[in-house]
Amino acid sequence: FTLLVLSDNALLTNSTHGVIGRNATAQSNEVQLLSATARWLLGNNLFVGSNGAFNRLVVSNGAFVNNNNGTLGDSASSSNNFALVTGSGSFWTNRGGLTVGNFGPGNQLIVSNGARVENFDGVVANGVSSSNNSALVVGSGSLWTNRGDLTVGFLGRNNQLLISNGGRVTHNVNGEVGL
């Protein structure tokens with residue numbers, strides 16, 4: 001139940017990884033970026049639920065997060081983690097890939113109200129234990145850009161991608177459902 005809030009003119013930098021919920025007992029932790037001048041810059045990867053469950057990342061009101069690879073739910077014990085990127089100008093950019101449910105079940109990404117998420121390869125559910133993960137891109141101007149492949153359900157089951165109300169998802173190479 002730890003909360004970190006970044007707001008007006010806040011800048012947080014990590015030379016290596018950023019982890020919200022590292023251990024299996026690290027549950028219900030949250031990082032919120034709440035203003036257009038809030039920034040989180042990482043030299044390497046960002047994990048929302050490395051092993052822990054019910055951890056959250058909120059990027060709102062024009063805030064910005066930049067990292068290498070992004071992962072929600074990185075193990076079988078890391079379930080029900082959540083990332084919300086919402087509001088015009090809000091931007092989460094992953095220089096590498098973004099995985100929603102890397103062996104973890106029940107993880108969720110929401111891109112809404114004109115926010116943007118960008119990465120190389122995008123995966124919703126990677127691994128046999130990665131079930132019931134989802135990505136929702138909703139609202140005019142909301143965009144999830146995949147510069148490489150987009151895969152929904154790589155070995156996992158009951159995973160979904162929902163695009164509605166003017167949201168958009170793009171990919172440059174392959175788009176695969178149920179690989």
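Here, residue 1 is the first one in the sequence, and each next residue gets the next number.
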Inset, instruction - Over all heavy atoms of both residues, which pair between G101 and S130 is shortest? Give the atoms and the distance, please. - result: O-CB, 3.4 Å
Inset, instruction - Determine yes or no for a side-chain-to-main-chain donor-acceptor pair under 3.5 angstrom, with N172 supplying the side chain and G148 the backbone. - result: no
Inset, instruction - Specify the closest pair of heavy atoms between V137 and R168, including all atoms of both residues, with the distance to one decimal. - result: CG1-O, 3.5 Å
Inset, instruction - For residues F91 and E118, determine if any side-chain heavy atom of one lies less than 4.5 Å from a side-chain heavy atom of the other. - result: yes
Inset, instruction - Assess R147 against F120: is NZ or CZ under 6.0 Å from the centre of the six-membered ring, and within 45 degrees of the ring's axis? - result: no
Inset, instruction - Write out all pairs satisfying salt bridge (Lys or Arg N to Asp or Glu O under 4.0 Å) with one or both partners inside residues 39-60, taking only residues at least two apart or from two chains. - result: E30-R56
Inset, instruction - Quick one: closest heavy-atom pair of V5 and L34, and the distance? - result: CG1-CD1, 3.5 Å
Legend entry - All pairs passing salt bridge (Lys or Arg N to Asp or Glu O under 4.0 Å) where residues 82-98 contributes a residue, at least two apart: none
Inset, instruction - Applying side chain to side chain contact (heavy atoms under 4.5 Å, CB included) between L46 and each of N69, N67, N66, L98, report the one that passes. - result: N67
Legend entry - Which atom of S90 lies closest to which atom of G62, heavy atoms considered: OG-N, 2.8 Å
Inset, instruction - Test side-chain contact (heavy atoms from CB on, under 4.5 Å) on T145 and V117 and set out the steps. - result: CA-CA 6 Å; T145 300; V117 171; over 6 Å; no
Inset, instruction - Taking the side chain as every heavy atom from C-beta outward, state whether F82 and L109 have any pair of such atoms under 4.5 Å apart. - result: no
Legend entry - Heavy-atom check, side chain of L143 versus side chain of T170, under 4.5 Å: yes
Legend entry - Member of N68, N119, T99 meeting the side chain to side chain contact (heavy atoms under 4.5 Å, CB included) criterion with N94: N119
Legend entry - Atom pair OG/CG of S35 and L6 - distance to nearest 0.5 Å: 8.5 Å
Legend entry - Approximate separation, where rounding is to 0.5 Å, of Q108 CD and N159 CG: 12.0 Å
Inset, instruction - Look only at the side chain of D149 and the backbone of N174, and say whether a donor-acceptor pair between them is shorter than 3.5 Å. - result: yes
Legend entry - Interatomic distance, F47 atom CZ to S78 atom OG [nearest 0.5 angstrom]: 10.0 Å
Inset, instruction - Compare all side-chain heavy atoms of L57 with those of I20 and state whether any distance is below 4.5 angstrom. - result: yes
Inset, instruction - Mind running side-chain contact (heavy atoms from CB on, under 4.5 Å) on V48 and T71 for me, showing each step along the way? - result: CA-CA 6 Å; V48 181; T71 304; over 6 Å; no
Inset, instruction - Would you check if S112 and T86 make a side-chain contact, meaning some heavy-atom pair closer than 4.5 Å? - result: yes
Inset, instruction - Have a look at V65 and tell me which of V85, L12, L33 forms a side chain to side chain contact (heavy atoms under 4.5 Å, CB included) with it. - result: L33
Legend entry - Flag side-chain contact, heavy atom, 4.5 Å: N81 against D74: no
Inset, instruction - Would you list the pairs meeting salt bridge (Lys or Arg N to Asp or Glu O under 4.0 Å) in which at least one residue belongs to residues 57-71, sequence neighbours left out? - result: none
Inset, instruction - Return the minimal non-hydrogen interatomic distance between R22 and A26, and the atom names on each side. - result: N-CB, 3.8 Å
Inset, instruction - Find out whether Q32 and L3 are in side-chain contact, i.e. whether some heavy atom of one side chain is under 4.5 Å from a heavy atom of the other. - result: yes
Legend entry - Pair Q160-S134, side-chain donor/acceptor within less than 3.5 Å: no
Inset, instruction - Look up atom OG in S129 and atom CG in N102, then write down how far apart they are to the nearest 0.5 Å. - result: 8.5 Å
Legend entry - L41 vs F64 side-chain heavy atoms within contact, under 4.5 Å: yes
Inset, instruction - Indicate yes or no for a side-chain donor-acceptor contact from S142 to the backbone of N113 under 3.5 Å, with no hydrogens or angles considered. - result: yes
Legend entry - No-hydrogen, no-angle side-chain donor-acceptor test under 3.5 Å, N133 and N107: yes
Legend entry - Point-to-point distance, once rounded to the nearest 0.5 Å, from CG of N23 to OG of S75: 10.0 Å
Inset, instruction - Test N55 against every option in N29, V31, V19 by the side chain to side chain contact (heavy atoms under 4.5 Å, CB included) rule and name the one that passes. - result: N29
Legend entry - Pairwise distance CG(L84) to CD1(I110) - rounded to 0.5 angstrom: 6.0 Å
Legend entry - Under 3.5 Å side-chain donor-acceptor pair for N44 and T16: no
